[in-house]
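Reading through the structure tokens given below for one structure.
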Amino acid sequence: MAATSFSPLPTLTTQSQPKHNTKHPSRTGSFRQRKNMKEVKQLHAQVTKKGLSNRRTSGITKLISLCAEIATPESLEYAKKAYELFEGDASNRVSLHMLNSLIRGYSAAGFCDEAILLYAQMVERGVNPDHYTFPFVLSGCTKGAAFLEGIQLHGSVVKLGLEGDLFIQNSLIHLYAECGEIDFGKKVFDKMSERNVVSWTSLICSCTRRDRPEEAVSLFFEMVEAGIKPNSVTLVCAISACAKLRDLDLGKRICAYIGQQGLNNTVLVNALIHMYMKCGATDRAKSLFDECIDKNLVLYNMILSNYVHQGMEREALAILVEMLQQGLQPDRVTMLSALSASGQSGDFAFGRQCHCYVMRNGLEGWESVSNAIIDMYANCGKQDLASRVFDRMSTKSVVSWNSLIIGFVRNGDVDSAWGLFNQMPETDLVTWNTMIGALVQESLFEDAIELFRVMQSEGIKADEVTMLSVASACGYLGALDLAKWTYSYIEKFGIPRDLKLDTALVDMFARCGDTKSAMLVFNKIQNRDVSAWTSAIGAMAMEGNGIRALKIFNEMTNQGVKPDAVVFVAVLTACSHGGLVEQGMQIFRSMKESYGITPQIIHYGCMVDLFGRAGLLSDALDLINGMPMEPNKVVWGALLAACRTQKDTQMATYVAERMNELAQERSGTHVLLSNIYASAGKWTDVARVRLQMKEKGLLKVPGSSSIEIDGVIHEFTSSDESHPEMTHISQMVREMSCRIGDSGYVPDLTNVLLDVDDEEKEFLLSRHSEKLATAFGLISTSPGTPIRVVKNLRMCSDCHSVVKLVSKTYGREIVVRDNNRFHFFRQGFCSCNDFW
DNA sequence: CTAGGGTTAG
């Protein structure tokens with residue numbers, strides 16, 4: 001009797017995606033696959049013809065086996081149809097063989113669910129799986145990380161008395177370990193009476209892949225000690241563990257086991273080259289690469305991604321051209337690098353070509369490729385195209401959402417990013433880091449801290465990227481208590497401190513006026529780069545300690561660290577605040593002469609400031625007139641500020657006229673600059689640019705001062721009455737004026753830039769935000785406590801005199817941070833010696 | 001007919 005086989009067989013729906021990055025469900029397929037499909041079609045035609053039943057059966061078996069090997073959705077469709085043609089008893093050995101092959105095919109293609117479904121249907125029909133079935137179906141589970149199904153299958157293995165089978169045990173080890181349950185795998189491993197090289201390799205490989213490379217390496221040596229000889233697969237796993245550890249010496253020790261087999265294994269050579277590249281042994285990697293006779297796609301992809309990671313887009317393009325000349329067809333991994341390179345270099349034309357290639361070759365079904373396209377468009381400033389790609393994606397994960405919101409943030413549209421953030425079905429650490437960073441970028445520092453608190457309450461663990469944003473927010477708020485809390489948070493939760501975070505911490509303490517802590521952190525930094533040195537020099541500049549800033553700068557150059565344009569801004573600012581005119585001029589000259597750095601407009605701005613603060617207005621003007629570029633608002637602004645302190649109205653008028661002649665500066669260039677910083681993760685610099693924009697009036701912002709009381713930040717803007725304690729504060733301001741008036745204080749009305757009568761001027765002056773904040777500080781803290789105020793603009797001379805007198809009259813230490821430096825007031829004197 | 005390997009987006 002011709003019993004039909006059980007049906008239905010699993011149907012591949014369009015949503016069905018391989019669970020693991022295996023073979024791609026390509027529309028075109030490779031040459032090899034096309035050739036095989038031809039054979040499949042021939043076999044299929046033979047099989048569908050009527051003929052002798054036993055001949056058909058062997059044809060079907062052969063067909064299914066071939067299709068399983070090809071393992072593409074198309075070939076699997078054929079395999080399924082072929083099985084339906086089988087007319088024998090579903091439970092006989094031949095049928096079992098066919099079903100095993102089918103499961104093997106689905107597993108190999110990464111269709112985990114279908115493999116499991118086939119297995120289930122097999123059992124349902126009373127067909128007993130054998131010792132071939134389990135390795136096949138378990139391999140599918142491994143690719144789909146189907147842990148629970150794996151446990152069930154493990155149970156069936158035991159029930160069928162197959163738990164002693166070496167192949168099945170090895171499959172189970174691998175399954176558990178790949179699901180992140182390495183200890184489950186180890187349990188199986190420990191119970192084995194006999195272990196072969198595959199057993200060990202499975203464990204080693206999983207440790208490497210699950211980010212436990214140290215364990216992988218120690219297992220490798222354990223295995224060698226147990227007398228098992230590593231084969232090329234073992235070596236590949238161990239070597240990639242070394243690549244992850246960036247440990248060249250360990251890598252070399254493992255290479256000793258390569259032995260006579262030499263380097264005739266492509267995968268091994270690829271792994272070695274990768275390891276050398278990751279460990280920084282570029283020359284060794286390059287020579288191995290050049291010696292390679294059969295450079296394959298994976299090798300090219302590897303080199304390509306390495307170049308892209310290092311920001312070497314030109315070299316990346318050269319590699320891409322070379323691989324095309326070799327006749328290799330770029331795959332999705334290639335495209336990930338190519339798209340990332342186009343984004344990095346902002347090459348929209350090339351990026352679009354990449355997008356077209358992806359569409360032509362049906363690679364857009366891979367989510368990672370579509371995400372990379374979103375990144376590319378966002379990096380090229382084409383956020384609308386990025387959104388369109390996002391909208392068209394059939395499946396999108398949290399990564400896709402992240403890519404889109406990061407694009408909005410990068411393109412300066414934080415509102416849209418925020419809107420999406422609230423809509424996201426799922427968030428992860430990157431999402432939160434992006435949004436916190438976005439708020440810092442927008443100079444919404446308190447909101448950034450608040451969002452960080454929300455993130456904690458959601459149970460998401462912060463990492464070094466989070467803390468980078470939080471630290472720079474604390475720094476800009478000048479909130480010392482918050483800064484200290486942030487520092488201990490990092491210590492308490494063992495958040496890894498990389499160079500970037502250390503630098504941000506130096507900056508944070510410096511901006512909170514705690515130079516001691518800043519330098520303590522700085523002194524412990526190993527391998528300081530120029531940014532780290534810059535933050536220390538910046539700390540000195542903020543104190544007005546020009547001498548020490550210069551000392552640190554010299555120390556840096558003596559240690560062989562090459563100065564960049566940014567560090568000179570810090571050094572020149574320090575000279576300016578310290579009144580070191582001669583030294584400043586010398587440094588400025590040395591930029592070009594000794595370091596080959598052409599001064600940019602920002603450096604000229606510093607010099608104008610330097611001359612201006614020292615009262616050398618005509619020198620400042622000469623410098624401006626001799627500048628190789630057109631002076632901008634910043635340069636003129638520095639001189640104007642100097643005119644104000646020097647009370648040189650004639651020159652002030654001249655400067656004001658020049659400023660009015662300037663075309664309205666477009667904020668576009670600033671957004672651009674802040675985006676450049678944002679893309680480099682330099683949130684501190686981003687915030688600085690944003691603040692500069694505000695100060696330059698590109699975004700109009702009134703003078704404001706803030707003070708932190710018990711972890712809460714109170715902000716005052718001039719003449720703002722909204723604070724709940726305003727009545728008390730007003731009383732206090734009046735009291736302050738009276739008491740310091742007795743010590744001879746006379747308001748300096750030239751600080752009011754409005755044309756109003758003197759009484760009104762005096763009132764406006766008394767409402768300057770730093771006075772309000774100081775008054776609030778006096779009310780809210782117990783006698784003797786230092787008061788710390790942060791002001792967003794330069795302190796006016798009247799407030800400066802008032803705070804000096806208040807510090808004496810009330811016996812308080814008062815610290816005011818203005819937009820570029822600190823003033824420490826004590827006993828009627830200020831650390832700046834009235835020069836700022 | 002069975003198990004283990006190299007590249008992979010924010």
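Every chain is numbered from 1, with letters handed out A, B, ... down the list of sequences.
Between the base of dT2(B) and the side chain of R104(A) there is no donor-acceptor pair shorter than 3.5 Å. Between the side chain of D428(A) and the base of dG10(B), a donor-acceptor pair under 3.5 Å is found. Contact annotation: side chain of N196(A) to base of dA3(B), donor-acceptor pair present below 3.5 Å.
Straight-line distance from the CD atom of Q169(A) to the C1' atom of dT2(B): 14 Å, rounded to whole Å. We find that CG of D165(A) is positioned 14 Å from P of dG4(B), with the value rounded to whole Å. As a whole-Å value, the separation of L118(A) CG from dC1(B) C1' is 15 Å. Rounded to whole Å, atom P of dG5(B) lies 13 Å from atom NZ of K244(A). If you take CG of L336(A) and C1' of dG10(B), they are 12 Å apart, rounded to a whole angstrom. Rounding to whole angstrom units, CG of residue L166(A) and P of dT2(B) are separated by 14 Å. What separates CG of D294(A) from C1' of dT7(B) is a distance of 15 Å, to the nearest Å. What separates CE of M393(A) from P of dA9(B) is a distance of 15 Å, to the nearest Å.
S202(A) comes within contact range of the sugar-phosphate backbone alone, with a heavy-atom separation under 4.0 Å but no base atom that close. Among the protein residues, D375(A) comes within range of the sugar-phosphate backbone only, with heavy atoms under 4.0 Å from sugar or phosphate atoms but none that close to a base. Among the heavy atoms of the strands lying under 4.0 Å from S305(A) are primed sugar atoms or P, OP1, OP2 only; no base atom is included.
For D247(A), the side chain to side chain donor-acceptor pair (under 3.5 Å) test picks out no residue, with sequence neighbours left out.
Side-chain proximity of N371(A) to the nucleotides dG5(B), dA9(B), dA3(B) is greatest for dA9(B). For F136(A), whose side chain is taken as the heavy atoms from C-beta onward, the closest listed nucleotide among dG4(B), dG10(B), dC1(B) is dC1(B). With distances taken from any side-chain atom of H309(A) to the nucleotides dA9(B), dT7(B), dG5(B), the minimum falls on dA9(B).
Side-chain N/O atoms of R332(A) include none lying less than 4.0 angstrom from OP1 or OP2 on dA9(B). Distances shorter than 4.0 Å separate none of the side-chain N or O atoms of H174(A) from OP1 or OP2 on dA3(B).
Judged by centroid separation below 5.5 Å and plane tilt below 30°, F167(A) stacks onto the base of dT2(B).
Counting only residues at least two apart or on different chains, the salt bridge (Lys or Arg N to Asp or Glu O under 4.0 Å) pairs with a member in residues 236-246 of chain A are D211(A)-K244(A).
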